[in-house]
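Here is the structure we will look at.
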Amino acid sequence: MQVNSSIDHLFRHEYGKIVSYLTARYGSKMLDRIEDAVQDALLKAMQVWAFQSVPRNPSAWLYRVANNRLIDQLRRDKRLTDFDALGDISTVPEELLSPLSGDDIADEQLKMIFACCHPAMTEGEQIMLSLKLLCGLSVREIAAALLKKEEAVKKAITRARKKFQNEVGQLSVPSGPALGGRHKVVLKVIYLLFNEGYKATSGDALIKKDICEEAIRLAGFLYRNPYCRTADLCGLLALMCFHSARFDARISKDGQLLTLKKQDRSLWDKEYMQWGTDFLNQASIGNSVSRYQLEAGIAGYHADAVSFEETNWEAILSLYDLLERINPGPMVALNRLVVVDIIHGTQNALEELHSLKSKYQLENNYMFHSIHAEFLESNSQIHEAAAALERAIHLSDNAIEMKFLEQRLKRLKDCMK
Amino acid sequence: MTKFLYLFRGGHGVMDKLSNEEKQAHMQQWQTWMQGLAQEGKLVDGLPLGGEGKVVEKRGSVISDGPYAEGKEIVGGYLIVNAENLDGAVDISKGCPIFEYGGNIEVREILSM
């Protein structure tokens with residue numbers, strides 16, 4: 001089926017746009033009703049547009065239908081008096097009619113991002129609510145992408161929605177000192193959102209790629225606001241662009257995970273790489289240093305390198321050193337050791353790995369055993385490497401990773417013969 | 001050429017549950033199908049129908065909420081096509097996306113002198 005690219009993701013994006021707009025207008029308490037009204041409008045659009053063609057300005061049409069539906073519902077509940085002060089609420093806002101002046105719409109969506117990241121909600125709830133309300137994903141799509149049961153996602157969203165209705169109140173972008181803290185939470189949610197999309201799981205690949213694009217789109221709303229356009233944000237945008245550039249290259253045609261070393265660099269998306277570089281340059285202005293900037297910097301050196309061998313590993317290692325200082329944790333430490341191995345040799349890497357093991361209690365961490373196996377193998381300790389791989393396979397809960405580990409084990413065993 | 005009426009029934013319960021992306025994809029399938037009919041000169045007219053209605057009987061002395069048929073029997077829309085004969089009209093209907101969600105099409109000849 002040929003899909004008209006101009007209406008690509010139309011329903012999904014319109015959903016987020018109109019829900020944001022109506023919630024900003026009527027308040028967070030109305031969220032249930034608003035979502036119903038917008039869903040109804042989309043259903044009606046589907047029926048009518050199936051027979052005719054999509055109108056020139058679908059936003060205005062959908063907004064009008066959803067708004068009317070909501071007013072009908074409120075009248076039936078006799079709650080409309082609350083909103084009479086708003087004046088003639090059946091008029092379509094100017095900015096919805098004119099596709100060029102989308103600033104207010106972007107504004108409402110920015111407010112909605114802050115609302116979805118309200119501190120009353122847990123991190124998981126913030127992510128799922130963002131996917132639902134801002135990105136217009138269905139419960140089924142969210143469950144497929146996050147590898148969770150539909151029922152569990154539904155429950156979490158119901159819980160989050162209740163908090164949203166009771167806690168958020170009027171939607172706004174925090175100002176003054178309050179902005180800083182909330183801004184950090186928003187960046188973290190966008191970062192986690194992106195990671196969920198980027199993770200190499202067997203979740204629905206198409207939806208996962210969409211989630212990565214959505215995360216970048218949401219960050220774009222922050223970027224348009226001068227108060228939200230911080231060096232952190234630019235770092236996060238750069239990081240997401242560099243990773244997105246490699247999205248397709250990191251998985252082979254037969255669905256296997258490819259390490260950086262084995263990726264065909266000509267498949268890296270040039271456009272994303274350029275955006276990554278541009279954002280990274282903007283992120284480097286100023287004195288603040290965050291994990292996003294450092295991770296983007298690392299990704300940037302990889303993007304710049306013509307080949308794995310000709311990568312500026314020294315520079316990457318110094319960024320990892322900094323990263324470990326401001327954002328310590330086992331994942332950063334393990335990734336850093338891969339670089340230590342390349343620069344200072346396997347013996348050094350192995351020694352550091354052993355001290356990490358007790359420091360972070362990595363006995364049950366599959367990444368630890370996977371990296372351990374790699375070092376052991378290059379140190380010609382084939383039998384030990386195979387044992388470590390078996391341990392990693394045993395601990396992995398990710399089908400694609402597991403397949404990748406099993407391939408490595410098979411290769412090792414072939415060597416042992 | 002004779003004109004035929006298609007009455008579309010069913011599928012609504014499923015449509016409600018579709019994700020936004022699936023709704024859009026389904027809509028686009030309909031558009032593609034209808035554009036195809038239009039290009040071949042087979043499409044005359046057609047529109048979807050709302051879910052609510054009234055049934056008026058006995059000159060309006062009996063008015064009930066309708067359509068009171070079972071959900072799967074509710075007419076969701078109509079289409080008028082040009083075809084050689086009934087078999088031809090049935091053939092044309094086979095490409096309709098309504099079958100994806102368990103709906104059906106009643107094909108009737110529109111009589112003319």
Side-chain angles (χ1 to χ4, degrees), chain A residues 1-19 35-36 38-55 58 62 65 69 72 131-145 150 153-154 204 206-207 209-211 213-214, chain B residues 5-39 42-53 67 71-72 74-81 92-93 95-103 105:
Chain A
M1 182 186 63
Q2 204 190 343
V3 178
N4 181 346
S5 65
S6 69
I7 55 173
D8 205 11
H9 299 313
L10 174 78
F11 279 23
R12 200 186 260 175
H13 287 167
E14 286 304 320
Y15 183 86
K17 203 156 124 186
I18 299 172
V19 166
E35 278 199 276
D36 285 346
V38 177
Q39 206 54 263
D40 274 354
L42 286 177
L43 193 61
K44 193 169 175 189
M46 180 192 97
Q47 290 167 323
V48 176
W49 296 347
F51 281 72
Q52 299 165 337
S53 52
V54 178
L62 287 168
V65 174
R69 181 70 69 134
D72 279 352
L131 287 172
K132 179 82 175 41
L133 298 182
L134 285 159
C135 311
L137 260 63
S138 71
V139 168
R140 185 152 30 97
E141 288 169 326
I142 296 171
E150 235 177 283
V153 171
K154 209 177 192 168
D204 190 314
L206 275 178
I207 301 176
K209 195 169 183 182
D210 284 352
I211 290 179
E213 282 166 10
E214 288 294 316
Chain B
L5 175 72
Y6 288 177
L7 290 171
F8 300 114
R9 286 195 172 89
H12 275 265
V14 190
M15 303 290 189
D16 282 344
K17 293 193 188 74
L18 296 187
S19 72
N20 294 331
E21 212 79 333
E22 288 165 334
K23 278 196 191 86
Q24 188 180 330
H26 192 56
M27 173 194 100
Q28 282 168 315
Q29 276 180 307
W30 274 87
Q31 286 185 339
T32 309
W33 181 60
M34 303 245 298
Q35 275 161 14
L37 295 186
Q39 272 160 18
K42 290 171 183 161
L43 182 69
V44 181
D45 190 19
L47 276 176
L49 301 177
E52 287 171 24
K72 62 178 185 336
I74 290 178
V75 176
Y78 72 92
L79 205 66
I80 297 172
V81 296
I92 295 168
S93 77
C96 179
I98 196 168
F99 301 116
E100 279 196 29
Y101 294 102
I105 305 177

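Just so it is clear: chains get the letters A, B, ... in the order the sequence lines come, proteins before strands, and each one is counted from 1.
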Check the orientation of [X] and [Y]. Use parallel for under 30°, tilted for 30 to 60°, and perpendicular for over 60°.
X: Y6(B); Y: W33(B); answer: parallel
X: H9(A); Y: H13(A); answer: tilted
X: W30(B); Y: F51(A); answer: parallel

> Would you say Q29(B)'s side chain and P97(B)'s backbone share a donor-acceptor pair under 3.5 angstrom?
Replying inline: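 A pair under 3.5 Å: no.
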[X] versus chain A, the contacting section by heavy-atom distance below 4.5 Å:
X: E22(B); value: side chain
X: Y78(B); value: backbone
X: L79(B); value: side chain

> Which one of K17(B), K23(B), M34(B) has the most heavy-atom pairs closer than 4.5 Å to chain A?
Replying inline: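 Sorted descending by pairs with chain A, the first entry is K23(B).
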>> Side chains of Y15(A) and E35(A), heavy atoms from C-beta outward: is any pair under 4.5 Å?
In response: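 They are in contact (side-chain heavy atoms under 4.5 Å apart), so the answer is yes.
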> Does E214(A) come within less than 4.0 Å of R12(A), counting only side-chain N to carboxylate O?
Replying inline: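 Judged by the 4.0 Å cut-off on N to carboxylate O distance, E214(A) and R12(A) do not form a salt bridge.
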>> Need one label for D210(A): side chain, backbone, both or neither, based on atoms under 4.5 Å from any heavy atom in chain B.
In response: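 For D210(A), the contact with chain B is made by the side chain alone.
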> With only heavy atoms counted, which part of E141(A) is less than 4.5 Å from chain B, the side chain, the backbone, both or neither?
Replying inline: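 Just its side chain gets close to chain B.
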>> Which one wins on heavy-atom pair count under 4.5 Å against chain B: S138(A), A50(A), S53(A)?
In response: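 Of the candidates given, the most pairs with chain B belong to A50(A).
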